[in-house]
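This report concerns only the one structure given below.
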2 protein chains.
Amino acid sequence: MTKPTIKDVAKIANVSISTVSRVMNAPESVIESKRSKVLDAIEKLKYKPNALARGLIYKKTNTLAVVIPDIRNPYYADIIRGMEDASKKLGYNLIICNTDRDKKRLFSYLNNFYERQVDGILYTSDPVFPDYYNEIKRLRIPVMLVSTHSMEYELPSVKIDDEQAAFDAVKFLIDSGHRKIGMIGFDLSDSIAGQTRYHGFIRALRENDLDECKENIVYVNGWSYETPDAAAQMLAKCPDVTAIFTASDELAIGLLCYLDERGISVPDQISVIGFDNIRLSRITIPKLTTVSQPTYEIGYRSVEKLDAIIEEKEDPVLREYLPHEIVVRASTRRL
Amino acid sequence: MTKPTIKDVAKIANVSISTVSRVMNAPESVIESKRSKVLDAIEKLKYKPNALARGLIYKKTNTLAVVIPDIRNPYYADIIRGMEDASKKLGYNLIICNTDRDKKRLFSYLNNFYERQVDGILYTSDPVFPDYYNEIKRLRIPVMLVSTHSMEYELPSVKIDDEQAAFDAVKFLIDSGHRKIGMIGFDLSDSIAGQTRYHGFIRALRENDLDECKENIVYVNGWSYETPDAAAQMLAKCPDVTAIFTASDELAIGLLCYLDERGISVPDQISVIGFDNIRLSRITIPKLTTVSQPTYEIGYRSVEKLDAIIEEKEDPVLREYLPHEIVVRASTRRL
DNA sequence: TACCCTCATGTTAACGCTTACATAAATAGC
DNA sequence: GCTATTTATGTAAGCGTTAACATGAGGGTA
């Protein structure tokens with residue numbers, strides 16, 4: 001009824017438990033005749049070592065914890081897939097936790113990670129506030145920032161260059177002949193997706209003598225794509241825009257929906273460019289032009305880096321940037 | 001440098017380790033003066049008990065493992081949220097694993113769950129094949145089927161009544177005056193989302209003397225929404241359909257995209273009804289009429305049930321069905 | 001004062017595993 | 001053929017907890 005232990009195997013194979021242990025951890029050190037007896041016993045009992053007992057000794061659980069702010073956001077799906085594949089390769093297991101951006105939940109999870117002796121934490125997308133940082137330091141668990149970074153603190157990170165990516169998106173619109181450009185962005189209190197993309201937008205305008213557009217911004221403070229309000233404000237503020245850059249695909253999709261309802265044609269009357277290249281952006285109406293983030297690679301790379309830190313392998317680059325790319329589809333046109 | 005243990009606390013508080021343990025597990029049993037000394041020491045060292053050591057003794061890890069076939073499918077996001085909330089309430093932690101429908105990955109995860117002594121497994125959406133069942137039985141870990149069930153095996157499950165839900169969806173089209181109805185469904189090898197919804201479709205036709213429509217079915221064997229082929233086949237097979245029922249919202253969205261490209265207006269020329277009510281279905285163009293599954297509740301309830309089984313609380317209903325609902329939006333119209 | 005109970009606390013053996021150390025057998029060197 | 005070295009295996013300590021049991025101080029009763 002109860003799970004077989006190393007003792008049961010030892011008894012059946014007629015050896016001591018340390019021999020069984022050796023068969024599993026250093027097979028060459030035990031003589032062939034006994035080894036095969038042990039292997040037979042293991043097979044017969046379908047024995048598998050207890051990871052808790054092992055973890056107690058090794059002081060390593062081969063477990064990484066992933067913190068995600070909003071699991072409903074499709075952006076994270078491929079990040080997780082990348083993390084999973086890298087974890088598999090390196091022998092880790094993933095605990096995925098969704099905080100819904102609730103600080104209490106985050107702290108409760110962090111505590112839990114500590115108790116469960118996770119080897120590392122993958123902290124995704126959210127800014128690192130001072131109290132978060134303090135808590136993380138206190139735990140003494142290696143942390144990797146994924147799709148976010150921190151300039152104040154010395155924390156390793158993997159992400160794209162958001163400022164440059166936003167710049168490139170807006171530059172693409174400008175190069176397509178647009179002169180009346182608007183932006184729907186995240187609140188500037190968000191130092192990652194908010195500030196950086198705003199700065200990219202502004203820089204692209206400035207470098208192209210389009211400073212008059214720099215007031216054409218509407219901010220949203222939620223992350224959901226159910227924000228037609230923002231779209232309405234955008235049009236009220238600046239009725240003659242010919243192109244809108246949104247700080248996420250979800251925002252872009254919400255915008256597409258709103259414009260369709262208003263009978264405004266995309267891209268004939270207004271071009272729309274999104275950000276993230278979520279899977280869905282391929283089948284919106286019209287198909288969305290967007291900035292592609294290498295999400296899978298971000299996830300994959302972040303686990304590799306975290307492993308390097310845990311294993312103290314080499315000194316990885318502290319803040320690592322992966323390349324982005326503009327994916328041109330049907331929601332933008334040349335003027 | 002290293003994490004404080006119960007011994008460190010005992011030393012500082014000048015008591016034995018068992019007193020410290022008692023302070024944590026049965027505080028009333030230790031005299032106030034010592035208790036507060038212990039509490040102070042715990043606070044000072046920021047001591048947290050090691051969950052591995054605890055798990056070894058209790059033979060319980062308070063961990064549940066979730067197996068998901070395709071994390072990119074937005075359908076799972078709310079199921080996971082429901083599971084998380086219920087887990088939090090009941091004191092469990094969740095390990096979420098994505099199999100990408102790869103049997104090898106699934107088995108590797110199952111093995112891992114066994115080694116890590118998880119208390120229960122939440123197996124989501126996929127059919128239970130005989131070899132899966134054998135493996136699960138072998139592990140002797142309680143399993144809950146989520147959004148899937150098994151008629152052959154005695155496994156507890158939580159889901160909606162898929163046959164009835166499909167029936168209701170098609171009935172809704174019929175009641176709206178449609179007589180030429182098609183379906184894009186999953187392969188019948190899929191006993192959950194495939195067969196059941198097919199049967200619901202057929203029953204609705206039969207009960208309304210629409211047997212002539214029962215050939216208007218196209219099957220897809222992938223789960224991605226990048227399947228415009230299916231839509232093309234549908235139209236080739238039956239050019240005069242006025243309404244199409246799809247077995248998932250993702251399929252419906254793919255269909256919407258295809259019809260838009262072909263210049264076919266929804267719902268003017270063709271009505272479309274989906275299945276699942278994913279978050280996104282609110283902002284498609286046009287907004288999607290669909291069958292709403294109580295995804296959050298399915299996740300929540302499945303954890304409650306699994307906990308009841310683990311704790312041998314009461315005998316829960318083996319196969320539990322939660323109510324579905326038709327959500328009428330703009331992709332369907334009355335004829 | 002002797003006796004029994006209660007209650008708080010300490011001691012110690014588990015839980016399932018790894019590993020340093022001890023031991024015994026086999027091999028090598030001379 | 002005897003010691004020195006290697007090799008295979010067993011014994012036992014320890015990882016950080018909990019809990020059964022032991023101990024001993026204090027209080028109540030006769």
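Basis for what follows: all heavy atoms, side chains included, without hydrogens, waters or symmetry-related copies. These numbers come from a predicted model, not from an experiment. Order of the sequence lines sets the chain letters (A, B, ...), proteins ahead of strands, with each chain counted from 1.
Residues meeting the salt bridge (charged side-chain N to carboxylate O under 4.0 Å, His left out) test with A/K46, sequence neighbours left out: A/E43. A search for side chain to side chain contact (heavy atoms under 4.5 Å, CB included) contacts involving A/S29 returns A/R22, A/A26, not counting sequence neighbours. Looking at residues two or more places apart in sequence or on another chain, you find a side chain to side chain contact (heavy atoms under 4.5 Å, CB included) between A/L322 and A/V158, A/P294, A/E297, A/I298, A/R301, A/E320. Remark: B/E312 engages no residue in a side chain to side chain contact (heavy atoms under 4.5 Å, CB included) (not counting sequence neighbours). A/D131 meets the side-chain hydrogen bond (donor to acceptor under 3.5 Å, both in side chains) test with A/K103; sequence neighbours excluded. Scored by the side chain to side chain contact (heavy atoms under 4.5 Å, CB included) test, B/S125 finds B/P69, B/Y75, B/Y76, B/S147 as partners (sequence neighbours excluded).
Atom OH of A/Y58 and atom C1' of C/dG16 are 13 Å apart (whole Å). For the pair B/R54 CZ and C/dG16 C1', the interatomic distance rounds to 19 Å; values are reported in whole Å. When rounded to the nearest whole Å, the span between CD1 of A/I17 and C1' of C/dT19 equals 11 Å. Atom P of nucleotide C/dA14 and atom CG of A/L56 are separated by 18 Å, given to the nearest angstrom. Between the CG atom of A/D8 and the C1' atom of C/dC17 there is a distance of 13 Å, given to the nearest Å.
Residues in residues 48-68 of chain B take part in these salt bridge (charged side-chain N to carboxylate O under 4.0 Å, His left out) pairs, two or more places apart or across chains: B/K60-B/E311. Sorted by first and then second residue, the ring pair (Phe, Tyr, Trp, His ring centres under 6.0 Å) pairs with a member in residues 136-157 of chain A read A/Y133-A/Y153; sequence neighbours excluded.
Figure legend: cation-pi geometry between B/K3 and A/Y114, with NZ or CZ positioned under 6.0 Å from the six-membered ring centre and within 45° of its axis.
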Pairs: protein N or O with nucleotides 5-9 of chain C N or O, under 3.5 Å:
residue : atom : partner : partner atom : Å
C/dT9   : OP2  : B/I31   : N            : 2.8

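Within residues 38-48 of chain B, the residues approached by DNA chain D to less than 4.0 Å at the level of any non-hydrogen atom are B/Y47, B/K48, in residue-number order.
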Test log, rule salt bridge (Lys or Arg N to Asp or Glu O under 4.0 Å), inputs B/D8 and B/K11: CA-CA 5 Å; B/D8 302 317; B/K11 193 171 292 170; 5.4 Å; no
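A heavy-atom distance below 4.5 Å is not found between the side chains of A/D85 and A/K89.
First and last contacting nucleotides of DNA chain D toward chain B (any atom under 4.0 angstrom from a heavy atom, 5' to 3' order): D/dC15 to D/dA19.
Along DNA chain C, the nucleotide nearest A/V20 and the nucleotide nearest A/K7 are compared for position; the residue whose nucleotide lies closer to the 5' end is A/K7.
Overall, the helix from C/dT1-D/dA30 to C/dC30-D/dG1 carries an axis bend of 50° between its ends, with five pairs at each end and the value rounded to 10°.
A/S21 comes within contact range of at least one nucleobase, with a heavy-atom separation under 4.0 Å.
Using bins of under 30°, 30° to 60° and over 60° for the plane-to-plane angle, the ring pair A/Y132/A/F129 lands in the perpendicular bin.
Under a 4.0 Å N-O distance rule, the pair A/E135/A/R138 qualifies as a salt bridge.
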